[in-house]
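Inspection log for the structure reproduced underneath, given as structure tokens.
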2 protein chains.
Amino acid sequence: MTAKKKPVRAAPQRAARPKHSVVAAALIDEIRSGRHAPGALLPSEPELCRRFEVSRHTIRVALRSLYEKGLILSRQGHGSIVQATAVEPRYGFACSSIDDLLQYAAATPREVLGTARIDVDPALASWLGCEPGYPWWEIRTRRLQEAGGAAIASSRVYVPEVYGAAVRELKKSPLPLFALMEARYGHHIAQIRQTFSVVAATAGEAADLGLEAGAAVMCVERRFIDERGGLLEVSRSVHPPGAFRYELTVRQMLGTERP
Amino acid sequence: MTAKKKPVRAAPQRAARPKHSVVAAALIDEIRSGRHAPGALLPSEPELCRRFEVSRHTIRVALRSLYEKGLILSRQGHGSIVQATAVEPRYGFACSSIDDLLQYAAATPREVLGTARIDVDPALASWLGCEPGYPWWEIRTRRLQEAGGAAIASSRVYVPEVYGAAVRELKKSPLPLFALMEARYGHHIAQIRQTFSVVAATAGEAADLGLEAGAAVMCVERRFIDERGGLLEVSRSVHPPGAFRYELTVRQMLGTERP
DNA sequence: CACGGGAGCTTGTCCGCACAAGTCGATGCA
DNA sequence: TGCATCGACTTGTGCGGACAAGCTCCCGTG
């Protein structure tokens with residue numbers, strides 16, 4: 001055995017941090033300290049190479065990390081523009097399907113109690129967030145724990161009249177309405193606003209659920225909005241106590257780095 | 001003038017797509033078609049170099065794009081593991097502070113009704129999601145619409161005994177408990193699990209809120225978890241009907257590419 | 001003065017090479 | 001059998017170079 005084996009690592013306390021990480025940290029610090037103001041250009045890549053005495057490749061890896069943190073934005077032929085002064089810890093969640101998001105009880109059977117073409121009066125229009133006077137569809141549905149079992153949801157769903165074909169399909173398909181609209185009209189949902197609250201059930205809702213009028217129920221209002229900001233669907237579902245739980249796990253989102 | 005100027009661009013109809021983009025598209029297609037199953041390893045980078053006849057740099061740019069789409073995950077010394085078979089539109093939401101997330105009514109005054117050091121019995125332990133037998137703190141608080149006004153929230157907050165200093169500070173500071181814990185102990189919150197449901201108020205909660213026992217209330221349970229998976233705080237807040245609304249806007253998230 | 005075009009800058013793409021660091025199975029010794 | 005070690009293989013880091021593509025400004029031409 002020669003003595004050379006095991007490089008010995010003379011200075012184990014050295015963090016041995018990659019250069020690009022050191023450069024990125026330095027640039028983040030400079031931005032936070034105001035040396036590079038938002039809207040201004042960062043020094044060019046060749047200049048940063050000279051300053052930090054690293055290759056352009058290393059600089060680019062560092063800049064990508066700044067980009068992923070939302071601090072800069074690079075444009076070919078122009079430069080890297082400072083976007084924000086600090087990288088804040090961001091909390092959020094992501095899911096890959098709308099069903100996850102809505103926590104749809106796909107297993108529970110849905111009953112379509114009725115569909116009606118209605119003209120939106122001012123009161124309804126203000127709740128829907130649309131202009132009054134136009135025709136919409138109103139669909140009343142109910143969900144049961146199992147077929148013939150207890151009701152766990154009573155919903156009123158409103159969609160503009162033009163989506164009538166999707167509404168007519170609703171009785172034959174187990175899919176949720178937004179899925180039918182997406183499939184038939186190609187408008188895909190870009191945004192969903194959900195509100196959770198406890199309210200007193202209306203007479204109709206109480207009847208659907210087998211409760212006395214005015215009983216406290218969980219009310220979930222949802223607005224589905226397409227990529228142009230147009231309202232696709234508005235729904236109000238109420239659930240009796242104990243029948244509905246909404247779970248939301250939010251985690252700190254780290255930048256998605258892959259050097 | 002010589003004739004050499006303007007490279008003429010013999011085939012302008014060529015899309016001139018970057019090679020890394022072509023490689024990425026090919027790999028995405030292969031994954032979607034099932035040629036690379038989820039959990040399996042992608043061919044190694046040198047092998048992809050040979051297959052596509054490009055440099056390793058180009059392969060790595062392509063793989064990064066797959067990573068950012070959530071399709072693969074690379075581990076040094078091991079390889080690139082297929083995570084998902086298709087790049088789906090992802091929905092999510094993000095906010096930059098926990099306060100936004102909790103929609104804290106920072107304006108409403110908080111009343112600390114009492115703090116107690118308790119030993120966690122098995123029933124409580126199972127609800128908290130911790131081991132029984134250890135001492136915890138239980139804090140009872142109430143929030144009022146305005147000083148002297150109607151109660152809009154009654155909470156039971158549980159934290160491990162070691163955070164006693166933060167608990168004692170609670171009466172003097174208007175900050176929420178998790179903020180005190182973060183400030184004093186440096187454990188920052190990595191994950192929050194929230195559950196919304198309608199339940200019957202317990203006798204104590206009903207008394208806090210001025211309702212009759214068993215009244216239906218909105219119940220929000222929150223678990224604060226640190227980066228090592230440890231439980232920092234568990235809380236259960238109940239709100240009378242109409243006093244609490246939780247709003248959640250979720251939008252389609254586009255991938256963040258920077259080539 | 002309007003405008004086209006080029007110089008000179010920027011970032012984007014792409015190639016080559018080399019070594020470090022991490023994983024995992026095979027090997028061989030106890 | 002159990003375990004330490006080695007080596008083959010993987011991705012990560014870092015260097016050098018070159019050219020393409022895009023943006024701005026400036027200058028000369030009409």
Side-chain angles (χ1 to χ4, degrees), chain A residues 1-2 4-12 14-25 27 36 40-67 71-83 256-259, chain B residues 1-2 4-12 14-25 27 36 40-67 71-83 256-259:
Chain A
M1 298 266 185
T2 70
K4 75 160 163 38
K5 282 291 147 59
K6 281 281 173 76
V8 174
R9 192 167 299 285
R14 279 276 260 126
R17 204 144 65 109
K19 287 191 188 182
H20 63 78
S21 165
V22 175
V23 172
L27 289 174
H36 308 295
L41 287 175
L42 229 49
S44 73
E45 293 176 1
E47 191 167 330
L48 292 173
C49 292
R50 288 190 293 274
R51 264 196 41 198
F52 290 99
E53 297 182 325
V54 295
S55 73
R56 188 168 162 230
H57 173 77
T58 303
I59 290 292
R60 285 180 66 76
V61 174
L63 289 181
R64 183 167 59 237
S65 130
L66 265 70
Y67 170 81
L71 289 178
I72 64 167
L73 202 148
S74 302
R75 274 182 17 212
Q76 186 175 163
H78 189 70
S80 294
I81 305 155
V82 178
Q83 295 281 109
T256 61
E257 287 199 51
R258 182 203 143 102
Chain B
M1 302 267 185
T2 71
K4 76 161 159 44
K5 283 291 147 61
K6 281 282 173 79
V8 174
R9 192 166 301 283
R14 281 275 257 125
R17 200 142 69 107
K19 287 189 188 181
H20 63 79
S21 165
V22 175
V23 172
L27 288 174
H36 307 295
L41 287 176
L42 229 51
S44 74
E45 293 175 1
E47 191 168 331
L48 292 173
C49 292
R50 289 191 292 274
R51 265 195 41 199
F52 290 100
E53 297 183 326
V54 295
S55 73
R56 188 166 161 233
H57 173 79
T58 303
I59 291 291
R60 284 180 65 76
V61 174
L63 289 182
R64 185 167 59 237
S65 131
L66 265 68
Y67 170 81
L71 290 178
I72 64 168
L73 200 147
S74 302
R75 274 183 18 214
Q76 186 177 160
H78 189 71
S80 294
I81 304 156
V82 178
Q83 296 281 107
T256 61
E257 284 199 56
R258 178 202 144 104

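No experiment lies behind these values; they were computed from the predicted model shown. Protein chains get the first letters and strands the later ones, always in sequence-line order, with residue 1 at the start of each.
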Worksheet item: How long is the line joining CG of A:Leu73 and C1' of C:dT11, in whole Å?
Response: 12 Å
Discussion item. As a test of reading the structure: which of C:dG12, D:dG12, C:dC24 is closest to the side chain of B:His78, going by heavy atoms?
Written reply: C:dC24
Worksheet entry | Closest nucleotide among C:dT11, D:dT24, D:dG12 to the A:Arg75 side chain | D:dT24
Discussion item. If you define the side chain from C-beta out and look only at heavy atoms, does anything of A:Ser74 sit under 4.5 Å from A:Leu63?
Written reply: no
Worksheet item: Can you list the steps and then say if B:Ile81 with B:Leu41 is a side chain to side chain contact (heavy atoms under 4.5 Å, CB included)?
Response: CA-CA 5 Å; B:Ile81 304 156; B:Leu41 287 176; 3.6 Å; yes
Discussion item. Less than 4.5 Å apart, side chain to side chain, heavy atoms only: is that true for B:Leu27 and B:Ile72?
Written reply: no
Quick test: give all pairs of protein nitrogen or oxygen and nucleotides 14-17 of chain C nitrogen or oxygen below 3.5 Å, distance rounded to 0.1 Å.
residue	atom	partner	partner atom	Å
C:dC14	OP1	B:Lys19	N	2.4
C:dC14	OP2	B:Lys19	N	3.2
C:dC14	OP2	B:His20	N	3.2
C:dC15	OP1	B:Lys19	NZ	3.1
C:dC15	OP2	B:Ser55	N	2.9
C:dC15	OP2	B:Ser55	OG	2.9
C:dC15	OP2	B:Thr58	OG1	2.3

Response to the item:
Separation of D:dC15 atom P from A:Leu48 atom CG, nearest Å, is 13 Å
Worksheet, complete the sentence: Correct closest heavy-atom pair for B:Val23 and B:Ala62 would be CG1-CB, 3.7 Å
Discussion item. Taking 4.0 Å as the cut-off, does a side-chain nitrogen or oxygen of B:Ser44 come that near to OP1 or OP2 on D:dT10?
Written reply: yes
Worksheet item: Considering only C:dT23, D:dC23, C:dG12, which nucleotide approaches the side chain of A:Glu45 most closely?
Response: C:dG12
Worksheet entry | For B:Ile59 against B:Phe52, the heavy-atom pair lying closest together | CD1-CD1, 4.1 Å
Fill in: Rounded interatomic separation in angstrom, taking CD from B:Gln76 and P from D:dT13
7 Å
Fill in: Separation of A:Ser80 OG from A:Arg64 CZ (nearest 0.5 Å)
12.5 Å
Worksheet entry | Gap between atoms CG and P, on B:Leu42 and D:dT11 respectively (whole Å) | 9 Å
Discussion item. What is the separation between atom CD on A:Glu47 and atom C1' on C:dG8, rounded to the nearest whole Å?
Written reply: 15 Å
Item to complete: Would you check if A:Pro43 and A:His36 make a side-chain contact, meaning some heavy-atom pair closer than 4.5 Å?
Response: yes
Worksheet item: To the nearest angstrom, how far is A:Leu41 atom CG from D:dC23 atom P?
Response: 14 Å
Discussion item. Nearest whole Å is fine: how far is C:dT11 P from A:Ile81 CD1?
Written reply: 10 Å
